[in-house]
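See below for the structure under consideration.
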Amino acid sequence: MNDSGCHLPLVRARGLRKDYGTGEGLVRAVDDVDLAVAQGEALAIVGPSGCGKSTLLHLLGGLDRPTAGELWLADRRIDGLPERDLAQLRRNDVGFVFQAFHLMDELTAQENVELPALLAGRSPREARRRATQLLARVGLAGRAEHLPPALSGGQRQRVAIARALVNEPQLVLADEPTGNLDSAATLEVLRLFEDLHEAGLTLVVVTHDERIAATAERLISMRDGALVDETRLTGGSSGQLGTLFGVEA
Amino acid sequence: MRQEVVLAMLAKEPSTGSRLRARLNAALGPLGEAMNDGQIYVNLARLEKTGLIARDRDGSDRKVYGLTPEGSERVAAWLTEVSWPKPDIAEFHLKLVAAAQARLADPVGIVDAQRHELLRRLREAGRAAMAEPEGSQAGLLLEGIVLRLQADLRWLEACERAWTERRNP
């Protein structure tokens, strides 16, 4: 796939591959993927379940290691990093948002957001300051002391997004972020992503849902582990909604 | 727009042309942008001529349009109609068939180009839906546009699969 900006991309992958199993049982979950994500870009990777998109996302975020290929985050080659460095990278440089939120139900919203900051070695005061700020940013200042089970799905996902941002990552990766949400909550989360993207965040979302994917600037389709198609979503019929679908008196 | 729509939008209360327009705008949001003010007045004039609405003047001497009994009857009949716009996909289907038969173009390439275009429209409709305040009438309409586009994209996927198989039997 092409580079999408004139600057060095934030993420670069070349010949990225991930195999599971061996011999007859070998599954190539990610098959020779070349990818560049520009700084500040919102990219969606879309494909049916089992196409390898989650595996690819995990590779990009250092949650899993590639079998072969090269992977860079900013200027740093990360495909061969030792586990210690990889853990640090996951904590400091990448924010994750999952379908199932993965919040700790025993901790308040505020504490959930603070936790990764504390794990990254920030002072409790600093962690608290950041969490308070981020909860306000995701529109949940009034819910800081709630436990996750007392929050709606959309609110829980917004807490999870605040948590993903607490260490000011360079990159946010989201895996079916609206998969467990109804349509109103989906809109809440999409609006929030839109705000974050406008503020300059680099965002990669994987989803089977083209509606979610179409909120990005660029959409890449994945089949059987490979990237098969790319659509630039800006431009085209833009600005003609009224003419395309509207009412002409 | 069918004249019954204009009629029905007047059923709530007699209104000036601009009040009617504002009501349509609230219901349509960005989908009302292509609507032309002049056409609304043409419609009103036509409805008045056929006796479905009657013109009066309000306290500020503006023209106010209200339903006549015949107009009310027409609205009631329209509400019970179950007509529905037919999906216009036969043309695209024939485009693929013709392209393949005459070897004019690769149907899969045509499907891809169409898919890219629908995805751009989906993005635009999705963004317009995001921009609507909660509970807006236009938001619900945009939801309908989004769902229809998704259905069309699913059909394009089926087209892509089928034409790819025919290409490589």
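Chain letters run A, B, ... following the sequence lines, proteins first and then strands; every chain starts at 1.
Within the 4.5 angstrom heavy-atom criterion, only backbone atoms of B:E132 (N, CA, C, O) approach chain A. Looking at A:E188, there are no atoms closer than 4.5 Å to chain B (heavy atoms on both sides), in backbone or side chain. Heavy-atom distances place both the backbone and the side chain of A:L190 under 4.5 Å from chain B. The contact between B:L28 and chain A is made entirely by side chain atoms (from C-beta outward), counting heavy-atom distances below 4.5 Å. For a residue to count as touching a neighbouring chain, one of its non-hydrogen atoms must lie under 4.5 Å from one of that chain's; by this rule B:L149 touches chain A with the side chain only. For A:A216, the part lying under 4.5 angstrom from a heavy atom of chain B is the backbone only. Of the atoms belonging to B:R115, it is side-chain heavy atoms, and not backbone ones, that fall under 4.5 Å from chain A.
There is no side-chain donor-acceptor pair under 3.5 Å between A:Q110 and A:H146. Residues A:T186 and A:R211 bring no donor and acceptor atom of their side chains to less than 3.5 Å of each other.
Each of B:L44, B:N25, B:N43 was checked for a side chain to side chain contact (heavy atoms under 4.5 Å, CB included) with B:L20, and the lone residue meeting it is B:L44.
Within 6.0 Å of NE2 on A:H102 lie more than 12 heavy atoms contributed by other residues, nucleotides or ligands. B:R57 CZ: more than 12 foreign heavy atoms inside a 6.0 Å radius.
Listed options B:L142, B:I145, B:D112, B:V6 were ranked by heavy-atom pairs under 4.5 angstrom with chain A; first place goes to B:I145.
Ring-plane geometry between B:F92 and B:W155 is classed as perpendicular, the angle between the planes exceeding 60 degrees on a 0 to 90 degree scale with a lower cut at 30.
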